[in-house]
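What follows is a short report on a single structure.
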Amino acid sequence: MATSVESSAPAREKYEPVIGLEVHVQLLTATKIFCSCSTRFGAPPNSNVCPVCLGLPGALPVLNRKAVEFATLAAMALNCEIRETSIFARKNYFYPDLPKGYQISQYDKPLAEHGFIEIQTASGAKKIGITRVHLEEDAGKSLHEGFAGASETTAIDLNRSGVPLIEIVSEPDIATSDEAYEYLTRLKEIILYTGVSDCNMEEGSLRCDANVSVRPRGEKKFGTKTEVKNVNSFRFIREAIEYEIERQVEVIESGGKITQETRLYNSVEGKTYGMRSKEQAHDYRYFPEPDLLPLVVDEKWRAEIRSTLPELPEARRKRMMADYGISAGAAYTLTLTKALADQFESAAKAAKNPNRVANLIQSELIGRLKAKGLEIEQSPISMKGLAMAADLVESDAISGKMLKDLFDLCFERGKDFPDVYEEEGRPEQSRDTSSLEKIIDEVIAANPKQVEQYRAGKKTVAAFFVGQVMRQSKGQANPQLVNELVAKKLA
Ligand code: ADP
Ligand code: MG
Ligand code: ZN
């Protein structure tokens with residue numbers, strides 16, 4: 001079905017999208033959730049397997065304590081209530097990469113519920129509800145080899161079978177593809193801060209399914225949704241949702257009906273394709289897992305886990321804005337990763353004036369990074385180097401202009417500030433009054449009209465002279481000193 005943005009744009013205004021996301025995150029445990037096989041990515045196929053994760057008869061699962069702690073920590077970071085007693089359940093379906101014929105998951109009594117993530121939208125902050133966070137095991141992986149004829153085979157790799165996952169299900173609170181993108185960005189950032197996953201999308205450590213429906217604006221009832229699966233970047237998820245909204249509006253506008261189904265996104269064509277009609281929960285014949293006890297995370301354990309919760313990005317941004325007087329934009333940049341924020345704060349605290357470090361990032365670093373297309377993690381100037389530069393300006397050893405020149409050299413040479421500062425022979429701004437006085441005399445002689453104004457009482461003209469002198473000294477002069485000397489000469 002061909003759709004185009006142009007033809008459906010007016011029709012689209014009549015409809016309101018409703019979006020809910022299901023995100024699977026792989027936990028960074030060393031071993032699998034119900035056996036002691038390694039979770040290492042990239043091992044030879046079927047080398048990290050045992051009777052439990054191969055689903056051999058008689059093998060019994062034993063729950064990995066670390067997986068529970070990681071899942072609970074993530075759920076806490078997502079503002080969820082932790083259920084004291086949660087229940088593992090069997091989700092039954094047939095698939096070649098699922099040797100037991102069921103996946104151990106959680107169903108009506110999940111580990112955690114009622115959370116939220118705050119996102120920023122054009123019209124302010126918005127809370128996206130999190131319905132649930134539950135623990136489950138991953139399935140294996142089917143590898144389709146060869147494309148046509150007799151050589152076509154499907155190989156199964158069960159290394160991933162039994163790797164611990166959490167599934168994070170959002171409420172259908174997301175209203176645009178941009179909000180979905182923002183939600184995923186915040187979600188990933190929070191999970192990374194907790195350290196329970198590396199959220200590596202290429203390795204499948206973070207996977208997202210997008211549920212999308214549309215309804216006429218003002219309508220209370222939800223429309224029929226489709227679920228877009230297997231999208232492997234946030235940008236593609238945004239595109240897939242956008243496409244799906246357009247497609248659904250077009251189907252409805254031309255008198256058709258949306259069928260509840262799973263769709264695949266083809267990122268080359270920018271289109272989704274129907275894959276299979278969606279299973280209903282009752283198709284899975286969920287029932288409590290008889291081989292595992294109820295999972296109890298009691299108050300004491302919850303408190304222990306909570307005590308390991310780090311300061312989370314949103315809170316950290318707010319605190320850093322208050323502590324260092326930086327803008328929201330700078331706070332976002334500096335909290336992009338926990339490591340970066342830690343580096344910044346330790347450098348800023350060690351510097352003579354923490355605010356100056358923060359301000360240098362905004363005024364001198366970010367623009368230079370942008371011009372070179374670099375992320376802040378790739379900056380040639382480290383946070384330590386930045387703190388050193390800030391200290392040199394703070395103590396008047398170098399001028400602002402000199403700092404700019406040194407920063408330019410850092411970017412040209414791809415070297416950190418302390419190295420370039422050494423290479424340049426530890427430059428110092430001029431405190432040589434005799435040469436400065438000579439410049440001032442020249443400037444005064446060249447501008448008799450301004451001298452007259454100054455002497456007639458217009459003291460603000462002094463700034464004009466200071467500016468002229470600074471320019472002639474190519475920014476090398478100490479502004480403080482120039483101020484003093486100009487005032488003396490003019491008097
Ligand atoms: P299913 O049983 O099909 O998996 P769920 O009720 O578990 O459906 O919801 C799965 C996801 O779909 C959740 O993120 C939820 O917010 C979202 N969702 C539910 N109904 C709709 C809808 N009509 N339109 C868009 N998203 C929806
Ligand atoms: Mg579901
Ligand atoms: Zn195993």
Side-chain angles (χ1 to χ4, degrees), residues 1-24 107-108 110 113-117 119 121-123 126-132 167-187 207-231 234-267 269-284 286:
M1 182 165 319
T3 65
S4 72
V5 183
E6 289 77 20
S7 66
S8 55
R12 193 175 152 172
E13 290 311 302
K14 295 193 280 180
Y15 292 87
E16 177 188 27
V18 173
I19 303 157
L21 299 178
E22 293 168 279
V23 175
H24 286 91
Y107 183 49
D108 55 347
E113 289 169 295
H114 312 305
F116 66 88
I117 291 179
I119 64 167
T121 72
S123 47
K126 175 176 176 181
K127 276 183 185 169
I128 306 297
I130 289 175
T131 315
R132 54 194 278 144
E167 180 174 346
I168 302 159
V169 182
S170 89
E171 289 289 304
D173 289 345
I174 300 167
T176 65
S177 58
D178 283 339
E179 284 185 18
Y181 186 91
E182 170 74 5
Y183 169 87
L184 290 170
T185 306
R186 300 281 80 85
L187 172 62
R207 287 168 259 162
C208 175
D209 304 332
N211 298 269
V212 181
S213 66
V214 298
R215 61 181 170 187
R217 270 186 204 286
E219 168 71 56
K220 288 245 154 52
K221 239 180 77 206
F222 286 158
T224 302
K225 72 176 159 78
T226 60
E227 184 171 358
V228 186
K229 277 196 184 286
N230 277 5
V231 194
F234 289 178
R235 191 162 63 83
F236 289 158
I237 290 166
R238 177 159 60 187
E239 288 174 12
I241 291 172
E242 206 47 46
Y243 176 84
E244 197 47 28
I245 294 167
E246 307 270 347
R247 187 190 68 85
Q248 292 186 11
V249 167
E250 189 141 306
V251 168
I252 296 167
E253 279 291 297
S254 58
K257 266 204 158 132
I258 302 299
T259 40
Q260 179 155 343
E261 63 180 352
T262 300
R263 298 180 69 86
L264 284 187
Y265 181 64
N266 180 322
S267 61
E269 297 174 33
K271 292 179 179 177
T272 64
Y273 290 94
M275 187 170 72
R276 57 178 145 99
S277 71
K278 172 85 171 117
E279 302 84 354
Q280 302 290 306
H282 60 253
D283 293 332
Y284 290 124
Y286 278 103

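What you see is a predicted model, and the numbers here were worked out from it, not measured in a lab. For reference, positions follow the sequence shown, starting with 1.
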Once rounded to the nearest 0.5 Å, what's the spacing between atom [atom1] of [X] and atom [atom2] of [Y]?
X      : Y      : atom1 : atom2 : result
Phe234 : Glu239 : CZ    : CD    : 14.0 Å
Ile128 : Ile119 : CD1   : CD1   : 4.0 Å
Lys257 : Ile252 : NZ    : CD1   : 10.5 Å
Leu21  : Leu187 : CG    : CG    : 9.0 Å
Asn211 : Ile19  : CG    : CD1   : 10.0 Å
Ile130 : Glu113 : CD1   : CD    : 12.5 Å

[X] and [Y]: which non-hydrogen atoms are nearest, and at how many Å?
X      : Y      : value
Thr272 : Ala240 : CG2-O, 4.2 Å
Val23  : Cys208 : CG2-SG, 4.2 Å
Val169 : Glu22  : CG1-CG, 4.2 Å
Ser170 : Gly20  : OG-CA, 3.4 Å
Glu253 : Ala11  : CG-CB, 3.8 Å
Tyr15  : Pro216 : CD2-N, 3.8 Å

* Parallel, tilted or perpendicular: which fits the ring planes of Tyr286 and Tyr107, with parallel below 30° and perpendicular above 60°? -> parallel

Would you call [X] and [Y] a salt bridge, using N to O less than 4.0 angstrom?
X      : Y      : value
Glu182 : Lys126 : no
Glu250 : Arg247 : no
Glu242 : Arg238 : no

Is [Y] close to [X] at the side-chain level, that is, under 4.5 Å between some pair of heavy atoms?
X      : Y      : value
Glu244 : Tyr265 : no
Lys14  : Arg217 : no
Val212 : Ile245 : yes
Lys221 : Arg215 : no

* Test side chain to side chain donor-acceptor pair (under 3.5 Å) applied to Glu171 and Thr131, step by step -> CA-CA 5 Å; Glu171 289 289 304; Thr131 315; 2.6 Å; yes

